[in-house]
Amino acid sequence: MSARSIACAWLGRVDYRPALGVQEELAAARQSGAIDDTLLLLEHPHVYTLGRGAAEHFVVAPPPGVPIHRVSRGGQVTYHGPGQLVGYPILKLEGAARDVHLYLRSLEETIIQSLRQYGIQAGRRAKLTGVWVGGRKIASIGVGIRRWTTLHGFALNVNCDLSFFDGIVPCGIDGCRMTSIAREGRDDVEVAGAARSIADRFAAVFGCDSRWIDAAEVWRIARADSGLEADCG
Amino acid sequence: MSIEITMPKLSDTMEEGKILRWLKHPGDKVSRGEPLAEVETDKADMIMEAFDDGVMQEIVLAEGESAPVGATIARLAALGEEVKPSASGAAPRPEPEARTGAPEPVPRPSKPVAVRKRPVAARGAGQAEAPGNGSAPAELAPQPRQELPASESPEPQSNGQAPPAAQPHQESAHREPARASEEVSAMRPAAPRPVAVSHEADLAKLKASPLARRAAEEAGIDLSQVHGTGPEGRITKRDIDSFLREQQLFRQRRLVTPREGSPGTWEELSKMRRTIAQRMAASKREIPHFYVTMEIDMEESVRLKKSLEATEIFDESITYNDIVIKACSLALGRYPRMNASFENDGIRIHPSINIGMAVAVEDGLIVPVIKECQQLTLPEIARAAHRLVAKAAQGGFTADELSGATFSISNMGMLGIEHFSAVIVPPQAAILAVSAIKERPVVRNGQLAVGTTMMLTVSCDHRIVDGVVAGRFLQEMKRFLENPASLLV
């Protein structure tokens with residue numbers, strides 16, 4: 001029985017930038033020890049994000065009206081949107097857990113176990129971080145670590161419109177095809193339901209107790225003040 | 001005694017890591033615990049912190065490059081140890097040498113191989129030996145061209161540091177990317193570039209793949225600024241991408257770097273400034289502007305605003321800007337040619353009135369759009385406008401909110417501006433410049449009096465409208481603003 005506890009919160013649909021602000025605020029609070037490890041679960045409106053290593057040309061043909069954000073995480077280009085479960089774990093990695101690859105593999109394990117509950121056999125591919133079903137990618141991972149506190153996380157396609165991935169070269173892998181829980185035959189799964197399953201598996205994989213906290217509590221902790229950054233032109 | 005910084009092991013299974021960007025640069029002071037660099041392994045990116053105090057002496061592993069765990073990626077000079085700027089800038093940069101280790105097959109028989117292959121450090125030293133006063137301009141002789149009169153390149157000061165001869169040619173490279181880079185490559189051995197950029201100065205790097213050349217041209221990048229990492233220093237598409245990325249990071253850091261030889265500071269254009277530069281220059285180049293100004297008596301509008309405030313009849317408080325937008329959308333409805341675009345040698349009249357509002361933000365302006373103004377009441381316009389202004393302060397506009405304007409308004413009233421004229425935002429037909437509402441002398445019935453007035457200036461595309469339309473449009477605005485009850489309908 002671990003003394004560690006992780007607070008899980010379902011935030012619903014949140015714009016990318018405020019969500020990033022919340023993460024940064026929570027990460028600062030986590031570093032200072034003001035809060036426990038926290039797992040934010042949410043869904044974004046349509047958005048493309050580019051990791052630090054990402055080349056702009058991986059955004060091939062963005063549909064009009066979909067904003068593009070460049071963010072300080074590893075990984076390449078990805079899409080977020082309705083029907084996709086996004087998880088942002090704000091964890092302080094300590095002791096043996098201070099291993100970046102171990103953390104990435106644990107996130108994959110969480111998703112793989114959760115998909116197994118839905119009867120979907122998913123796995124890993126060598127050197128291609130993420131979770132795959134056959135040759136298709138069902139979940140993307142990209143994390144940032146600041147003073148051993150984690151930011152960003154994973155995105156699991158539940159029943160999102162996969163055509164939005166056509167506008168990009170996901171993760172910089174040419175010809176990378178995407179899938180979703182719905183595409184794999186479980187069109188009865190909702191994003192909020194997947195969030196419960198993920199929270200449950202996350203606690204199991206990371207060996208901690210999970211408890212749910214209210215979204216309002218998260219917003220209270222994170223008086224998100226994401227400065228000005230215009231994304232025009 | 002320098003301290004070696006090595007690639008950190010961030011995982012038991014980590015074999016190599018990539019430097020995404022350096023947060024400290026040669027000459028920067030570093031304190032223990034301060035962020036040094038961003039390192040990427042797999043899909044994780046991590047901030048690496050300094051373990052010692054010192055001064056960054058040398059970056060060994062360039063941004064975008066990978067190295068095995070434990071490899072030296074930078075050197076730190078212990079505090080108190082002197083770091084010579086020249087040593088930190090030019091000498092330590094082993095990778096160009098390593099990269100061009102294979103003999104370069106550049107077919108340039110007239111130049112001795114030794115010169116081309118000479119590592120950067122040696123070249124830096126070489127130029128220090130012979131910065132002869134007369135020699136540099138002589139070597140530049142075949143180069144002077146276009147708008148660079150000889151008088152602009154002053155007599156070189158022979159301090160042995162940066163050869164002044166290099167400055168004008170760098171300047172010219174900026175003006176005319178494609179041709180300039182060829183010329184630069186041809187003359188490089190004779191005219192060394194300044195120390196600060198000499199690490200890039202490798203002949204072979206100006207070789208570029210056709211894809212890279214096209215990408216550079218599209219992005220408006222001077223190839224001579226790009227560091228090639230392909231075979232024999234060839235510039236690849238990837239190099240162009242990382243150069244663009246660096247530029248973006250540069251923008252985020254908002255660095256202002258002095259350029260050698262020219263006074264003042266030089267700042268890289270932010271993405272926003274570049275967009276403004278391109279669009280405004282295109283506008284003034286392409287669009288034959290003309291300007292029409294009218295003075296509007298604002299007494300009734302002032303009264304209206306006061307009575308709306310007094311009665312609080314609307315939830316949203318109404319500003320003069322909202323009143324002007326409403327009057328403008330009504331006037332545009334009557335003069336649809338003002339709500340048009342010049343397209344393929346024709347004129348497209350837009351069915352919707354989408355008004356862009358120029359809003360100043362840090363380092364520029366953005367023009368969020370109020371859509372379908374013809375359907376909106378005054379309080380609805382106010383709500384939309386206030387929401388966009390609030391968003392401008394926070395960021396996070398969608399592309400949709402910043403596009404699709406059919407007419408624009410620039411309001412400088414809050415700055416007390418007497419009157420001004422604005423540059424049309426292509427492909428729109430016109431833009432309205434709104435100045436301050438203030439007390440001005442007016443003549444009423446042959447008597448001088450004090451009135452409350454505002455100047456409106458509309459800038460129009462003469463290909464689409466003529467003066468009479470612009471004048472009637474302003475008359476219409478005047479009618480609405482001087483009889484503002486019409487705005488409440």
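Reminder, nothing fancy here: chain letters follow the sequence lines and each chain counts from 1.
- For A:R98, the part lying under 4.5 angstrom from a heavy atom of chain B is the backbone only.
- Remark: B:R348 CZ is loosely packed, at most 12 non-hydrogen atoms of other residues, nucleotides or ligands lying under 6.0 Å away.
- In this structure A:S163 satisfies the side chain to side chain contact (heavy atoms under 4.5 Å, CB included) test together with A:D161, A:D166, sequence neighbours excluded.
- Shown here for A:R147 and B:E49, the closest heavy-atom pair between the two residues is CG-OE2, 2.9 Å.
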What side-chain donor-acceptor pairs closer than 3.5 Å can you find for residues 81-90 of chain A, not counting sequence neighbours?
residue, atom, partner, partner atom, Å
A:Q84, OE1, A:H80, ND1, 2.9
A:Q84, NE2, A:Y79, O, 3.2
A:Q84, NE2, A:N157, OD1, 2.9
A:Y88, OH, A:H44, NE2, 2.7

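- In the displayed structure, B:E16 atom CD is contacted under 6.0 Å by more than 12 heavy atoms of other residues, nucleotides or ligands.
- Remark: of the listed residues A:V100, A:T150, A:V143, A:V100 is the sole one forming a side chain to side chain contact (heavy atoms under 4.5 Å, CB included) with B:M46.
- Interatomic distance, B:L10 CG to A:D99 CG, rounded to the nearest 0.5 Å: 8.5 Å.
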